Amino acid sequence: MLCCRAIDRSRHLVTSYPEYVPYPFQAEHHVATHPVCTNGLEDHSHRVVIAGGGPVGFATALGLAKQGVASVVLEADDSVCFGSRAICVSRRSLEILHRLGVGAGFDAIGLPWTGGRSFYKGQEVLRFEMPQDDNQQFAPMVNMAQYSIEKTLLDGVQAYHHLIEVRWQTAVTDITRNEDGVRLAVKTPQGAYQLHTDWLVAADGGRSTIREGMGLRLQGTSYEGRYVIVDILMKSPRPAERLAYFDPPCNPGSTVLVHKQPGDVWRIDYQLRDGEDPEQAILPHQVMPRVQSLLDMMGETAAWNPIWVGLYKANALTLERYRHGHVLFAGDAAHLVPIFGVRGFNSGIDDADNLSWKLGQVVQGRAAPALLETYSSERVAATHENLSYGTKSTEFMAPPSFAFDLMRRAVLSLALKHPELRSLINPRQSAPIAYGDSPLNGPDEWGTHGPRPGTVLPECPLTYVSTHGDHAVFLSDQAGHGFKAFVFTADGVLPQAWCQVGVDRAADGAMIAHAALAVQAVSLGAPHPEAVDVLWDNTVQLPHLLGAQLGAVLLIRPDGHVMARWRDANVKSRAIVSAWINQLLAANQPTAIGVTP
């Protein structure tokens with residue numbers, strides 16, 4: 001263990017503590033570029049510009065590129081981020097990242113975990129497990145530091161170099177909005193310039209320059225309590241799980257969280273006590289003894305070294321709307337969610353997933369701009385749900401007042417002898433959000449069983465039957481290919497009404513809405529010998545999981561949320577469903593969206 005020395009001048013003692021070492025990851029540094037300009041304005045106008053080259057910005061760019069839509073990403077720094085920052089990737093985010101083509105990188109690097117333990121004054125008061133069964137393709141949660149997250153996404157972005165341009169060391173300094181788009185002023189080491197875009201995605205983080213330049217303010221609650229975040233390098237056989245220590249012997253009166261990360265990196269978060277100076281609290285002579293005391297309490301004896309130290313303050317804030325004309329806010333630029341429950345990064349990936357398919361439809365002329373109002377309404381509602389859970393977790397993890405602290409101590413004390421109270425300690429980890437009130441939700445003729453319109457499809461293993469043979473797939477793999485209708489059959493043979501190739505188009509030549517409806521035959525029984533390109537429910541679970549019956553139709557959106565459910569595929573033909581989607585996408589007024597056939 002590398003060590004260095006510090007002098008405690010109040011006692012004239014020489015204290016040794018572990019020395020900082022570099023991350024086991026070295027970021028590539030990128031040079032700035034300057035486009036061809038005339039009178040300071042870039043010659044080429046863009047369809048989409050994304051401010052912010054973090055996880056949300058890169059994910060949005062990939063979602064657009066998957067549809068053939070080009071974008072320019074502006075990033076003020078010269079590399080991916082430094083420090084662990086966001087570390088927990090949810091199952092739902094993994095589904096999305098696989099659809100974006102970068103999931104293999106997360107599978108290769110991430111550390112999966114399924115539960116955790118909480119302790120009060122050294123005694124275990126909670127042991128929880130997140131939902132996990134043989135139906136699942138992914139773990140409930142994967143730990144992966146943000147620098148690795150961004151590098152993995154960047155690798156995916158660079159594979160689309162013909163559609164995604166990343167401009168490093170390019171900071172936005174001003175924004176001017178007009179009826180047909182946005183003009184941005186930027187500065188680079190090679191000089192300042194301006195550029196025009198039809199659509200701007202503001203994914204430039206919690207200190208968003210775009211948000212500030214437009215005079216918008218986040219609304220909600222900002223908590224006073226602060227946490228110190230410490231990344232250390234330490235070899236340990238301890239498994240990956242979430243560890244929470246309330247009022248631990250090593251740090252009385254505080255709350256400490258511990259997560260194992262890839263590459264022998266450990267993330268430690270500990271709460272500062274009232275009255276502690278945050279700037280002093282991150283100095284080595286303050287940090288190192290606390291970390292060592294924690295490791296001693298945990299029984300960890302291996303050598304360790306600090307890598308990075310940061311400060312965190314919990315916020316529960318959001319914009320009232322995420323669409324402002326041709327500017328669309330996403331991620332921390334739109335909302336700040338407390339880390340407790342790991343909803344910050346994961347809600348940002350949900351933003352990118354929701355926004356990219358809708359913006360892609362609009363840019364390609366398949367949908368009216370009013371479709372983007374549903375991005376705002378759906379994701380604002382999702383944020384309020386996330387904030388509700390995040391606020392409850394924050395008030396327990398870092399009590400904002402004496403009353404909350406008293407309640408927490410009472411719950412923790414009683415939980416030692418009363419297991420029925422332990423659910424109150426549960427951290428309420430991130431879970432998929434349902435858009436139950438979305439104007440995009442269509443008819444539901446199936447009743448209350450199974451995933452209703454607005455919810456995410458449950459996971460289920462299936463067999464794909466094709467001319468190239470049978471292979472195992474999952475239900476979540478079916479999203480991301482435009483609108484898709486599942487038609488449930490006995491043997492994989494589609495009704496005649498769903499075998500038509502043509503798709504209706506709008507009559508208005510200025511706005512041609514093409515639904516790009518894909519049809520997928522699902523065989524609830526053994527497939528017919530001549531049936532191909534069929535999903536076979538070989539585990540016989542879909543009737544129970546989905547409530548699916550023979551002859552029924554289930555329609556999903558590109559992001560995997562259920563859109564509508566019909567009972568009879570012979571009544572609701574492919575042409576009727578396609579025409580309904582076209583009408584919905586072409587609606588020029590937000591109030592017109594949601595019309596039912």
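None of the values given here were measured: they were computed from a predicted structure.
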Counting only N and O atoms by type, is there a donor-acceptor contact under 3.5 Å from the side chain of [X] to the main-chain atoms of [Y]?
{"X": "Arg379", "Y": "Ser347", "answer": "yes"}
{"X": "Arg211", "Y": "Leu319", "answer": "no"}
{"X": "Asp43", "Y": "Thr38", "answer": "yes"}
{"X": "Thr152", "Y": "Ser148", "answer": "yes"}
{"X": "Thr173", "Y": "Ala185", "answer": "yes"}
{"X": "Thr60", "Y": "Val56", "answer": "yes"}
{"X": "Ser79", "Y": "Ala27", "answer": "no"}
{"X": "Asn305", "Y": "Val21", "answer": "no"}
{"X": "Ser222", "Y": "Asn315", "answer": "no"}
{"X": "Arg99", "Y": "Asp559", "answer": "yes"}

Student check: side-chain heavy atoms of [X] and [Y] closer than 4.5 Å:
{"X": "Phe329", "Y": "Ile210", "answer": "yes"}
{"X": "Leu440", "Y": "Lys358", "answer": "yes"}
{"X": "Val73", "Y": "Val157", "answer": "no"}
{"X": "Leu64", "Y": "Leu163", "answer": "no"}
{"X": "Arg557", "Y": "Asn354", "answer": "yes"}
{"X": "Leu295", "Y": "Met234", "answer": "yes"}
{"X": "His196", "Y": "Asp180", "answer": "yes"}
{"X": "Thr374", "Y": "Tyr435", "answer": "no"}

[X] versus [Y], closest heavy-atom pair with distance:
{"X": "Pro189", "Y": "Gln169", "result": "CG-OE1, 3.2 Å"}
{"X": "Thr33", "Y": "Thr188", "result": "O-CG2, 4.2 Å"}
{"X": "Gly263", "Y": "Pro24", "result": "O-CG, 4.0 Å"}
{"X": "Arg323", "Y": "Arg321", "result": "O-NH1, 2.8 Å"}
{"X": "Arg267", "Y": "Gln261", "result": "CB-NE2, 3.0 Å"}
{"X": "Asp204", "Y": "Ala333", "result": "OD1-CB, 3.6 Å"}

Let me see the working for Tyr193 and Val186 under side-chain contact (heavy atoms from CB on, under 4.5 Å), right down to the final yes or no.
CA-CA 6 Å; Tyr193 65 93; Val186 300; 3.5 Å; yes

For Tyr23 and Asp231, does a side-chain donor sit closer than 3.5 Å to a side-chain acceptor?
yes

Nearest-0.5 Å distance, [atom1] of residue [X] to [atom2] of residue [Y]:
{"X": "Glu212", "Y": "Arg217", "atom1": "CD", "atom2": "CZ", "value": "10.5 Å"}
{"X": "His29", "Y": "Asp77", "atom1": "NE2", "atom2": "CG", "value": "10.0 Å"}
{"X": "Glu19", "Y": "Met288", "atom1": "CD", "atom2": "CE", "value": "10.0 Å"}
{"X": "Leu94", "Y": "Ile349", "atom1": "CG", "atom2": "CD1", "value": "10.0 Å"}
{"X": "Leu371", "Y": "Arg366", "atom1": "CG", "atom2": "CZ", "value": "12.5 Å"}
{"X": "Gln280", "Y": "Glu276", "atom1": "CD", "atom2": "CD", "value": "10.5 Å"}

Do Asp350 and Asn346 pass the side-chain contact (heavy atoms from CB on, under 4.5 Å) test, and can you show the C-alpha distance, the side-chain angles, and the key distance before you say yes or no?
CA-CA 6 Å; Asp350 265 328; Asn346 293 299; 5.8 Å; no

Can we say Glu300 and Lys260 salt-bridge, meaning some charged N sits less than 4.0 Å from an Asp/Glu carboxylate O?
no

Parallel, tilted or perpendicular, as decided by the 30° and 60° cut-offs, for the rings of [Y] and [X]:
{"X": "Trp113", "Y": "His259", "answer": "tilted"}
{"X": "Phe58", "Y": "Trp168", "answer": "perpendicular"}
{"X": "His162", "Y": "Tyr160", "answer": "parallel"}

Residue pairs passing the ring pair (Phe, Tyr, Trp, His ring centres under 6.0 Å) test with at least one member in residues 342-380, sequence neighbours excluded, are Trp357-Phe483

Which is it for Val49 and Ser71 under the side-chain contact (heavy atoms from CB on, under 4.5 Å) test, yes or no, and what are the steps along the way?
CA-CA 6 Å; Val49 167; Ser71 65; over 6 Å; no

Arg92 and Asp353: CA distance, side-chain angles, deciding distance, side-chain contact (heavy atoms from CB on, under 4.5 Å) verdict:
CA-CA 11 Å; Arg92 171 62 178 163; Asp353 190 37; 3.5 Å; yes

Against Arg183, only a single residue in Leu195, Leu41, Ile175 fulfils side chain to side chain contact (heavy atoms under 4.5 Å, CB included); can you say which?
Leu41

Can you list the steps and then say if Asp351 with His335 is a side chain to side chain donor-acceptor pair (under 3.5 Å)?
CA-CA 10 Å; Asp351 288 348; His335 46 73; 2.6 Å; yes

Sequence neighbours excluded - salt bridge (Lys or Arg N to Asp or Glu O under 4.0 Å) pairs with any residue from residues 142-168:
Glu42-Arg167, Lys151-Asp155, Glu165-Arg167

Taking atom CD of Glu320 as the centre, does the number of heavy atoms from other residues, nucleotides or ligands within less than 6.0 Å exceed 12?
no

